[in-house]
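What follows is a single structure, written as structure tokens, with notes after it.
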Amino acid sequence: MNFFKNRTLRQKLTFIIMLISAISLILAFTAFVTYDFFRLKNRLTGDLGILSDLLTVNITTALILESKKDAFNALAPLSTQNNITAAYVYDNEGKVFVKYQGKNFSSDLLWPESKNFGIHSYKKRLISYRPLVSEGEIIGSFLIQSNLDDLYSRMKIYRNMLAIFLLLSILLGLIINSILQKIICRPILHLTDVAKEVKDKKDYSVRAVKKSEDELGFLIECFNGMLDQIQEGNLELQEANAELGKKAEELLASKEKAEDASRAKSEFLANMSHEIRTPMNGIIGMTDMVLETELTHEQLEYIDIVKKSADSLLHIIDDILDFSRIESRSLRLDRIHFDLHQVMETIMHIMAIKAQEKGLELISYISHEVPSSLTGDPKRLGQIIMNLINNAVKFTEKGEISLRCDLENRDGDTATLHFSVTDTGIGIPKDKFEIIFESFQQADGSSTRKYGGTGLGLTISKQLTEMMGGRIWVESEPGRGSAFHFTVRLGYWAQKEGNEGLNHFKETGARALIIDDNETTRKNMTETLSNWGISSGEATDCKTALEEMEKGIMENNPYNLVFLDLKIPGDDSIGLYNKIKENLCIADTDVIFLSFLDRKESDLPEDFFKNHPYVLKPISQTRLYNTIMKVMENSPLYPEHLEKNVTEMTLREKILKNGEPLNVLLAEDDYINQRVAIRILENHGCSVETAENGEALLEMLKKGGFDLILMDIQMPVMNGYEAARNIREKEKASGGHIPIIAITASVMGKDKNKCFEAGMDGFISKPIKKSELLTMIKEVINDSSYKEYSNAEEAVLV
């Protein structure tokens, strides 16, 4: 088929005409010959039948008389029939009585396969086999054999005639084909040649010549019209190309200007960040210090406003910088090991203060199926969660805010986690679900004046979620609150053998009663305790709780633990506690209080929390577990082999090295920033000396004795990068390694990389946060020589 496709039109037409002529002639001859063949064969069969009938009478008489002479004479007329090759007469025993053999007789006598009476066609011969009957009885049989040589000779003549006629038809077809090709093919071939010339020379001025008014003439006319349009289009295209070339040059110039502007913007953002963060470091640092001093109520209120304002400004700066990084695709995610419980507990501790200022209850829960030891970027994950909780607090006036984490699926060494932040706030109309994730947008533009905000938080969260292989969406109704959901894909490197998801208390037979008016808190605690092997009941008020405990005693299924919320609306939680301790049947029940962070504002005695176990809200699973462990240490239910693991939170730590104060060299040219860093370090047991620039730092290092260097990057005379490189070069010759932590207001990714390239061990951004500074010092100081001592008098159980 492909061979035929690739032939020329002339060859295809020739082939088609010849094929049609041959097929027509063959079909006609075949029909004629077939008809003639069967007509002649039927006539020969009829003649043989008549001849057999004529001879049968005489042969029957001869056989009755047993006269072979008469029988042979009866067969004598067969000699005039050239096509009769043999005739045989048989007696009733099947023996040959008399026979006749003609001129064309062959040595073999053919019998029909069935040997039935009648006329048979067999191997190009006709055989007539008749019975000889006398008075109703068969006395013998008679066979005549005739050849069909004349018939097949005639068919041979027909075949030769077919070959001659076929040859003549082919010659005639070639003549007709030659005439038709001049009429049909020549215009087509002419059109093909013109098209080829246009293709090869790109000359659209060439035209085909129209010679007829038929379809071919119309085709040529259309082809010429198409060339006219192409020629006109080429002229327009050339003009457009010239114009496009000019615009391309203009765009290239604009691109270069845009790149220059982008570089200028990045430099401006970096400089702006540095210039703003440097004074803010002094504002926030000094504010923290003032808050640790004795203040009047009015002074405390004013300083607290200053700190909140500075924190808000810093949050706006961070949002703008993050948005800039995402836009320029310079934001990179870390991939480190982290504990999800620690990350969420830290976030909830920070956000609880804001929630409680508005009288909101903040609740968190991690499903026991979620692996705790994960791999990813905990800082950015925390940023998404904090953005969503911040929004929830901002747009919720009363009720609760709930954070939940579930395992969506696990594939190999990766896990997809599903987080949800649900609030009871103002809600969002359905037609605003998409717009709130766009830059600088809020669901209601007028809400910006009331609630504030840049409109970047959800945009950044959406981008970070997608970078972590997940997505973010919202479900909400106006007036009925909102639920923000997002998923992230994280690696997990080991299932932490910790508190969550294990039946640590199953063998104790412990049973707990949860007394809290918040349904979400009760539900989360019930699920958590169940995962640890503790069955539980629930009560929403003090009266129901007391009845439930007495019922447990009556049914011989008492409660061993009671979790009592200190702020049940309309109820006296302390009164219930006293009733429990006064009732001899339930006095041994251990009571753990649930309290908000603002416990100082309660009417309880100052030493109440020193003498009673409690868990702070929002409830941390780790803190809850450790508190139960602490309470059950002295309980008869406590099994001796159960691991004792109690975590304490200290208000102040002392950082020592080999039992001695850590000697720190601080390089900082700004006096205010010096005072902030010195105060933080000295409050935590460090000895601090200062240098105003990198050159002075190198001089001071010559006397030795320093365990750590804290160094600003942008300093006069010699900057931090150059100073760090000098230190590392000298260490190559002398040996040793002194940890260096960069303290800088430059927070772009490239600045952090430059610090590590210069040989620094850590990086923290301004304004300096005490917790971040202490954490970074712990990381860079050798674990074997580092010790952390807690002030026991200031420790409180959590």
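- One finds the CZ atom of F563 at 7.5 Å from the CG atom of L594 (value rounded to the nearest 0.5 Å).
- In this structure, a donor-acceptor pair under 3.5 Å is present between the side chains of T416 and R489.
- Taken from CD1 in I515 to CG in L566, the straight-line distance is 11.0 Å, to the nearest 0.5 Å.
- Within the structure, every pair that satisfies the salt bridge (Lys or Arg N to Asp or Glu O under 4.0 Å) test and touches residues 534-560, not counting sequence neighbours, is listed here: R522-E538.
- Residue N391 holds its CG atom at 10.0 Å from CD1 of I401, rounded to the nearest 0.5 Å.
- Remark: of the listed residues K617, K523, E400, E400 is the sole one forming a side-chain hydrogen bond (donor to acceptor under 3.5 Å, both in side chains) with N518.
- In terms of heavy-atom proximity, S420 sits nearest to H485 at CB-ND1, 3.5 Å.
- The number of heavy-atom neighbours closer than 6.0 Å to CG of D588, taken from other residues, nucleotides and ligands shown, is 12 or below.
- Between L662 and H684 the shortest side-chain heavy-atom distance does not fall below 4.5 Å.
- In this structure, Q342 and T622 have side chains that are not in contact, with every pair of non-hydrogen atoms separated by 4.5 Å or more.
- To the nearest 0.5 Å, the span separating OG1 on T520 from CD1 on I363 amounts to 4.5 Å.
- Here the closest heavy-atom approach between residue S364 and residue I619 is recorded as OG-O, 3.6 Å.
- Here the closest non-hydrogen pair linking L362 and P618 is O-CB, 3.0 Å.
- Checked against ring pair (Phe, Tyr, Trp, His ring centres under 6.0 Å), Y365 has no partners two or more places apart in sequence or in another chain.
- Two residues are said to be in side-chain contact when any heavy atoms from C-beta on lie closer than 4.5 Å; L773 and L681 meet this criterion.
- Without hydrogens or angle criteria, S530 side chain to T526 main chain gives no donor-acceptor distance under 3.5 Å.
- Looking only at side-chain heavy atoms (C-beta outward), L388 and I472 come within less than 4.5 Å of each other.
- At a threshold of 4.5 Å between non-hydrogen side-chain atoms, the residues H341 and Y625 do not count as touching.
- In this structure, CG in L529 is found 10.5 Å from CD in E527, a value given to the nearest 0.5 Å.
- Side chains of T521 and D516: no donor on one and acceptor on the other come within 3.5 Å.
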(request) Could you please spell out the steps behind the side-chain contact (heavy atoms from CB on, under 4.5 Å) verdict for I586 and L546? (result) CA-CA 10 Å; I586 56 177; L546 194 59; 4.1 Å; yes
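- A donor-acceptor contact shorter than 3.5 Å links the side chain of R511 to the backbone of N557.
- The two atoms that bring V488 and L381 nearest to each other are CG2-CD1, 4.2 Å, heavy atoms only.
- Annotation: side-chain contact (heavy atoms from CB on, under 4.5 Å) contacts of P378 (sequence neighbours excluded): I336, F338, V343.
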(request) Tell me, with the steps shown, if F395 and D423 meet side-chain contact (heavy atoms from CB on, under 4.5 Å). (result) CA-CA 9 Å; F395 295 103; D423 62 56; 5.9 Å; no
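- The minimum heavy-atom distance linking S476 with G481 is given by the pair OG-O, 2.9 Å.
- Of the residues T487, L417, V370, the one that meets the side-chain contact (heavy atoms from CB on, under 4.5 Å) test with E408 is T487.
- The shortest side-chain heavy-atom distance between L407 and P371 falls under the 4.5 Å cut-off.
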(message) Run the side-chain contact (heavy atoms from CB on, under 4.5 Å) test on Y559 and I580 for me, step by step, so that the C-alpha distance in whole Å, both residues' side-chain angles and the decisive distance to 0.1 Å come before the verdict.
(response) CA-CA 12 Å; Y559 290 99; I580 292 173; over 6 Å; no
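- The minimum heavy-atom distance linking L624 with M525 is given by the pair CD1-CE, 4.2 Å.
- In this structure the side chain of L403 never reaches within 4.5 angstrom of the side chain of I347, judged on heavy atoms.
- To the nearest 0.5 Å, atom OH of residue Y492 and atom CZ of residue R410 are 4.0 Å apart.
- Between H612 and Y577, the ring-plane angle classifies as perpendicular under the 30° and 60° cut-offs.
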(request) Kindly determine whether F484 and I428 satisfy side-chain contact (heavy atoms from CB on, under 4.5 Å), including the steps that lead there. (result) CA-CA 11 Å; F484 281 85; I428 304 169; 3.7 Å; yes
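- Q621 places a side-chain N or O within 3.5 Å of a backbone atom of I366 that can act as its donor or acceptor partner.
- In this structure a side-chain-to-backbone donor-acceptor pair under 3.5 Å is missing from K398 to K358.
- Side chains of V591 and F593 form a contact here, defined as non-hydrogen atoms less than 4.5 Å apart.
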